[in-house]
Trainee: 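Handing you a structure now.
Worth knowing before you read on, the calculation uses all heavy atoms, side chains too, and leaves out hydrogens, waters and symmetry mates. Reminder, nothing fancy here: chain letters follow the sequence lines and each chain counts from 1.
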Protein chains: 2
Amino acid sequence: MARTTGSDGEKTEAAVREAAAGLIARYGYEAMSMRQLAAEVGVQAAALYRYFPTKEDLLFTLMREHMEGLTAAWEMARPTTADPEARLAAYVRNHIAFHIERRHSTHVSNMELRSLSHDRLTRILRMRTAYEKELRAILRDGTEAGVFSIEDTGLTAMALIQMMTGVIVWFRPGERLSVAEVTTTYLSMTMRLVGAKIEGAAAAYSAARPFGRSAAGV
Amino acid sequence: MARTTGSDGEKTEAAVREAAAGLIARYGYEAMSMRQLAAEVGVQAAALYRYFPTKEDLLFTLMREHMEGLTAAWEMARPTTADPEARLAAYVRNHIAFHIERRHSTHVSNMELRSLSHDRLTRILRMRTAYEKELRAILRDGTEAGVFSIEDTGLTAMALIQMMTGVIVWFRPGERLSVAEVTTTYLSMTMRLVGAKIEGAAAAYSAARPFGRSAAGV
DNA sequence: GTAATAATAAAACAAACGTTCAATTAATTC
DNA sequence: GAATTAATTGAACGTTTGTTTTATTATTAC
């Protein structure tokens, strides 16, 4: 056989991306074979090469789009206010919502960096650094304004990001806690961790913002 | 050739473990070939099978010994006092020290769980759960005693562990910060995160820290 | 309806994989 | 010093890997 009835390049490519993210998240990049991926999509392995020249190109595409999506989400969510607490709350909300929503690509982007070529690794890390820099700026501003008490901005930023991203390791939608509850708790922990001066600030923020991305699911 | 001069089973096995931890941490379990590992050790691939029947046995051994080591280290470090703050401080210190000291096997144990068979995965996860349970007990005791203010014990435990273990992602010995400095800062962050009631409690525990109080605001 | 193009299948490739086996030599035992 | 055991090599096995090539069919354009 050859071209199949109803076949469509765009649909196939999208199916490949989604299946790849799922398989790599579950089994790992090296462990996922192109034949396994093709079977998941419902095509032959050779068909994959119409969309991605190599396996690594596929991996890189997933990672690049993950980082572009994260950056874009933050640019949408970033508040205009200069208030460090409000900005930090927005950062936490956006980060958790995005990563829970895209668990698979988050796993891929965090665990499979070592499978990228040097150049591509550099490109992904540059995007990641730029994103983290936003958090450091918030922490620095807050410290200088006296609303946070932080010992080391860079170290605190890393600790916060590890803590927040770690949600995807144990969080499963539909279990004990909702996304909104998790986000609220993480927001409180974050505010205490950075020593936010105003007591109950976290609670105030979580009460005042029932919208936001998908945080309002309950 | 056959047996080489000065060859010793115990030494070779130790060399295999160490080289395997390093290679798996750097390239991943699936990406590391037995030939690559053998070359690192300085033997032929077939020689590895004298010590580990399969590649997965090797992985499992690394993980089991990592968890056994972590458990043993905590049993040594666990204080006899009932004071939740002292116990939490000891837990944080032990966790960070152990994971920085064993970066490679930590990477292996955290990233390669999916390559274990079902039974072995269960065994490793059981050990891990038991270790994490200790932290939850401390947090619960502290909350009941009124010295911590925590919203969700289980969630806080996961957040803390992710935060602490995340150190190995960015920490490199001999760079900007020493192990002692990192530990001190993480201890402060932890105490604030759990809402330790006694103001300055974190500072008290880190009284011996080698740098100033609000040193790095930049 | 016919020509052009897009999408896929089927088969094949060399390379690399984990693992096994027989042969061989070093160290140990008595 | 002969017999035994421990440690390792070198070659080979059957699979599986990512990828390429060629042929074939569905869809689109005119």
Trainee: B:Met34 CE to D:dT9 C1': how many Å, rounded?
Mentor: 16 Å

Trainee: Taking atom P of C:dA7 as reference, at what distance in whole Å does atom CD of A:Glu13 sit?
Mentor: 10 Å

Trainee: Set out, line by line, the N/O atom pairs under 3.5 Å between protein and nucleotides 11-15 of chain C.
Mentor:
unit_1	atom_1	unit_2	atom_2	d
C:dA12	N6	A:Arg35	NH2	3.4

Trainee: Take the protein atom CZ of A:Arg50 and the nucleotide atom C1' of C:dA9, then report the distance between them rounded to whole Å.
Mentor: 13 Å

Trainee: In terms of ring plane angle, is the pair A:Tyr91 and A:Tyr131 parallel, tilted or perpendicular, where the classes change at 30° and 60°?
Mentor: parallel

Trainee: If you compare every side-chain N and O of A:Ser33 against the phosphate oxygens of D:dT17 (OP1, OP2), does one of them come in below 4.0 Å?
Mentor: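 Yes, such a contact exists.
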
Trainee: Kindly point out which of D:dT19, D:dT9, C:dT19 is positioned nearest to the side chain of B:Thr54?
Mentor: C:dT19

Trainee: For A:Tyr49 and D:dT21, give me the distance from atom OH to atom C1', rounded to whole Å.
Mentor: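 From A:Tyr49 OH to D:dT21 C1': 14 Å.
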
Trainee: Are any of B:Thr12's side-chain N or O atoms less than 4.0 Å away from OP1 or OP2 of D:dT8?
Mentor: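 Yes.
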
Trainee: Expressed as a whole number of angstroms, how long is the span from B:Glu30:CD to C:dG18:C1'?
Mentor: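 Result: 11 Å.
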
Trainee: Between atom CE in A:Met32 and atom P in D:dT16, what is the gap in whole Å?
Mentor: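 Computing the A:Met32:CE to D:dT16:P distance gives 17 Å.
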
Trainee: Between B:Lys55 and A:Gln44, just flag the one whose closest nucleotide in DNA chain C comes earlier from the 5' side.
Mentor: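 The residue whose closest nucleotide sits nearer the 5' end is A:Gln44.
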
Trainee: Not counting sequence neighbours, which residues clear side chain to side chain donor-acceptor pair (under 3.5 Å) with A:Arg50? List them please.
Mentor: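 By the side chain to side chain donor-acceptor pair (under 3.5 Å) rule, A:Arg50 matches no residue at all.
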
Trainee: Enumerate the ring-ring contact (aromatic ring centres under 6.0 Å, His included) contacts for residues 151-178 of chain A, please, sequence neighbours excluded, ordered by first and then second residue.
Mentor: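 Checked against ring-ring contact (aromatic ring centres under 6.0 Å, His included) - neighbours excluded - no pair reaches residues 151-178 of chain A.
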
Trainee: Please report, rounded to the nearest Å, how far the P atom of C:dT8 is from the CG atom of A:Leu48.
Mentor: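 Rounded to whole Å, this separation is 10 Å.
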
Trainee: Can you tell which of B:Arg128, B:Arg78, B:Arg140 makes a salt bridge (charged side-chain N to carboxylate O under 4.0 Å, His left out) with B:Glu134?
Mentor: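 Exactly one option meets the salt bridge (charged side-chain N to carboxylate O under 4.0 Å, His left out) with B:Glu134, and it is B:Arg78.
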
Trainee: Can you list the residues that meet the ring-ring contact (aromatic ring centres under 6.0 Å, His included) rule with A:His99, with sequence neighbours excluded?
Mentor: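 With sequence neighbours excluded, A:His99 shows a ring-ring contact (aromatic ring centres under 6.0 Å, His included) to A:His66, A:His95, given in chain and number order.
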
Trainee: Measure CD/B:Glu10 against P/C:dA27 and give the value in whole Å, please.
Mentor: 16 Å

Trainee: B:Tyr51 side chain N/O closer than 4.0 Å to the phosphate oxygens (OP1, OP2) of D:dT8?
Mentor: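 For D:dT8, OP1 or OP2 has a side-chain N or O of B:Tyr51 closer than 4.0 Å.
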
Trainee: Which nucleotide in the set D:dT8, C:dA6, D:dG18 lies at the smallest distance from any side-chain heavy atom of B:Ala47?
Mentor: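 The answer is D:dT8.
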
Trainee: Can you give the donor-acceptor pairs under 3.5 Å from side chains of residues 30-44 of chain A to other protein atoms, not counting sequence neighbours?
Mentor:
unit_1	atom_1	unit_2	atom_2	d
A:Ser33	OG	A:Gln36	N	3.0
A:Gln36	OE1	A:Ser33	N	3.4

Trainee: Looking at residues at least two apart in the chain, or sitting in another chain, which of them share a ring-ring contact (aromatic ring centres under 6.0 Å, His included) with A:Tyr186?
Mentor: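 Listed in chain order: nothing, the list is empty.
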
